[in-house]
Amino acid sequence: QVQLVESGGGLVPAGGSLRLSCAASGLTFSTFAMGWFRQPPGKERDFVAVISYSGSNTYYADSVKGRFTISRDNAKNTVYLKMNSLKPEDTAVYYCAAKSWVVDRSAKDYDYWGQGTQVTVSS
């Protein structure tokens with residue numbers, strides 16, 4: 001039924017860039033806010049960024065503001081996370097999530113989740 005599939009994770013040197021993608025199916029993509037969350041080793045899952053259902057509004061965690069950019073292509077049912085100036089502390093499993101209509105920073109409020117993709121930033 002509903003599927004969110006992340007791709008684009010991998011090993012990156014500090015200062016490098018990476019672009020994550022999340023392809024959605026089984027839902028009316030344009031009616032869902034789409035978020036990115038991450039879970040570093042030994043820590044809880046944290047908010048990274050969210051984009052409204054229309055793409056008009058975006059919000060970022062302070063730790064990534066100015067370095068990461070979230071975007072979406074509703075014609076392709078895909079949301080992206082462009083990550084620049086990567087730091088070792090960005091190392092985490094990154095998850096794509098979908099929430100009906102309204103943007104939210106809380107992981108508990110999201111309806112659907114992808115399987116996650118590993119991002120490792122080396123020093």
Side-chain angles (χ1 to χ4, degrees):
Q1 299 169 22
V2 174
Q3 273 194 302
L4 304 177
V5 181
E6 301 98 331
S7 62
L11 298 169
V12 188
S17 297
L18 205 61
R19 181 181 181 244
L20 305 182
S21 298
C22 173
S25 61
L27 52 74
T28 305
F29 184 74
S30 61
T31 69
F32 281 80
M34 299 297 298
W36 287 97
F37 295 78
R38 67 186 183 185
Q39 187 167 18
K43 295 187 176 182
E44 297 298 312
R45 192 171 301 184
D46 284 332
F47 168 77
V48 175
V50 62
I51 187 166
S52 61
Y53 67 91
S54 67
S56 297
N57 299 302
T58 59
Y59 302 92
Y60 299 90
D62 288 342
S63 59
V64 307
K65 196 172 297 182
R67 299 188 298 122
F68 291 10
T69 302
I70 188 171
S71 61
R72 68 190 296 160
D73 186 341
N74 284 355
K76 295 183 177 180
N77 285 6
T78 302
V79 63
Y80 306 94
L81 185 68
K82 184 65 168 67
M83 305 183 293
N84 296 325
S85 302
L86 283 162
K87 306 173 181 179
E89 50 262 48
D90 294 319
T91 295
V93 177
Y94 283 71
Y95 296 90
C96 173
K99 179 185 180 297
S100 185
W101 294 113
V102 183
V103 297
D104 201 317
R105 297 173 183 264
S106 178
K108 295 181 179 180
D109 294 333
Y110 279 73
D111 301 305
Y112 304 107
W113 291 86
Q115 81 287 354
T117 185
Q118 177 70 48
V119 173
T120 302
V121 184
S122 61
S123 301

Q) Is there a side-chain contact (heavy atoms from CB on, under 4.5 Å) between Trp36 and Glu6 once you walk through the steps? A) CA-CA 10 Å; Trp36 287 97; Glu6 301 98 331; 3.9 Å; yes

Q.
For a quick test of reading the model, state the closest non-hydrogen atom pair linking Ser30 to Asn74 and the distance between them.
A. CB-ND2, 3.7 Å

Q: Show the numbers, then the answer: is there a side-chain contact (heavy atoms from CB on, under 4.5 Å) between Arg105 and Tyr59?
A: CA-CA 9 Å; Arg105 297 173 183 264; Tyr59 302 92; 3.7 Å; yes

Q. Are any of the side-chain nitrogens in Lys65 or Asp62 under 4.0 Å away from the carboxylate oxygens of its partner?
A. yes

Q. Looking only at heavy atoms, what is the nearest atom pair of Ser52 and Ser56, with distance?
A. OG-N, 3.2 Å

**Q.** Spacing of CE belonging to Met34 relative to OH belonging to Tyr110, to within rounding of 0.5 Å
**A.** 8.5 Å

Q: Take the angle between the ring planes of Phe47 and Phe37 and call it parallel below 30°, perpendicular above 60°, tilted in between.
A: perpendicular

Q. How would you list, by chain and number, every residue that makes a side chain to side chain contact (heavy atoms under 4.5 Å, CB included) with Ser123, sequence neighbours excluded?
A. Pro88

Q) Considering residues at least two apart in sequence or located in another chain, which fulfil the side-chain hydrogen bond (donor to acceptor under 3.5 Å, both in side chains) criterion with Lys43? A) none

(Q) So, taking the atom named OG in Ser63 and the one named CG in Asp90, what distance separates them when rounded to the nearest 0.5 Å? (A) 7.5 Å

Q: Identify whether Leu4 and Val50 are in the same connected component of the hydrophobic contact network (ILVMFWY, side-chain heavy atoms under 4.5 Å).
A: no

Q: Determine, stepwise, if the pair Val79 / Leu81 fulfils side-chain contact (heavy atoms from CB on, under 4.5 Å).
A: CA-CA 7 Å; Val79 63; Leu81 185 68; over 6 Å; no

Q) So how far is it from Thr69 OG1 to Met83 CE, rounded to the nearest 0.5 Å? A) 11.0 Å

Q | Arg45 side-chain N/O to Val93 backbone N/O, donor-acceptor pair under 3.5 Å | A | no

Q | Atom NZ of Lys76: over 12 foreign heavy atoms under 6.0 Å | A | no

Q. What is the distance from atom CD of Gln3 to atom CG of Asn77, rounded to the nearest 0.5 Å?
A. 12.5 Å

Q) If you count the non-hydrogen atoms of other residues, nucleotides and ligands that lie under 6.0 Å from CD in Glu44, is the total more than 12? A) no

Q: Report the C-alpha separation of Thr31 and Tyr53 in whole Å, then their side-chain angles, then the decisive distance to 0.1 Å, and conclude whether the side-chain contact (heavy atoms from CB on, under 4.5 Å) test is met.
A: CA-CA 5 Å; Thr31 69; Tyr53 67 91; 5.6 Å; no

Q: Could you pull out all residues at least two apart from Thr120 that satisfy side-chain hydrogen bond (donor to acceptor under 3.5 Å, both in side chains)?
A: Gln118

Please report, to 0.1 Å, the donor-acceptor pairs under 3.5 Å made by any side chain of residues 95-102, with sequence neighbours excluded.
unit_1, atom_1, unit_2, atom_2, d
Lys99, NZ, Val102, O, 3.1

Q) Taking only residues two or more places apart in sequence, or in another chain, which ones meet Val64 in a side chain to side chain contact (heavy atoms under 4.5 Å, CB included)? A) Arg38, Val48, Tyr60, Ala61, Arg67, Phe68

For a quick test of your reading: what N or O donor-acceptor pairs under 3.5 Å do the side chains of residues 10-29 make, sequence neighbours left out?
unit_1, atom_1, unit_2, atom_2, d
Ser17, OG, Asn84, OD1, 2.9

Q) Under 4.5 Å between side-chain heavy atoms, hopping through other hydrophobics if needed: is there a path connecting Tyr80 to Ile51? A) no

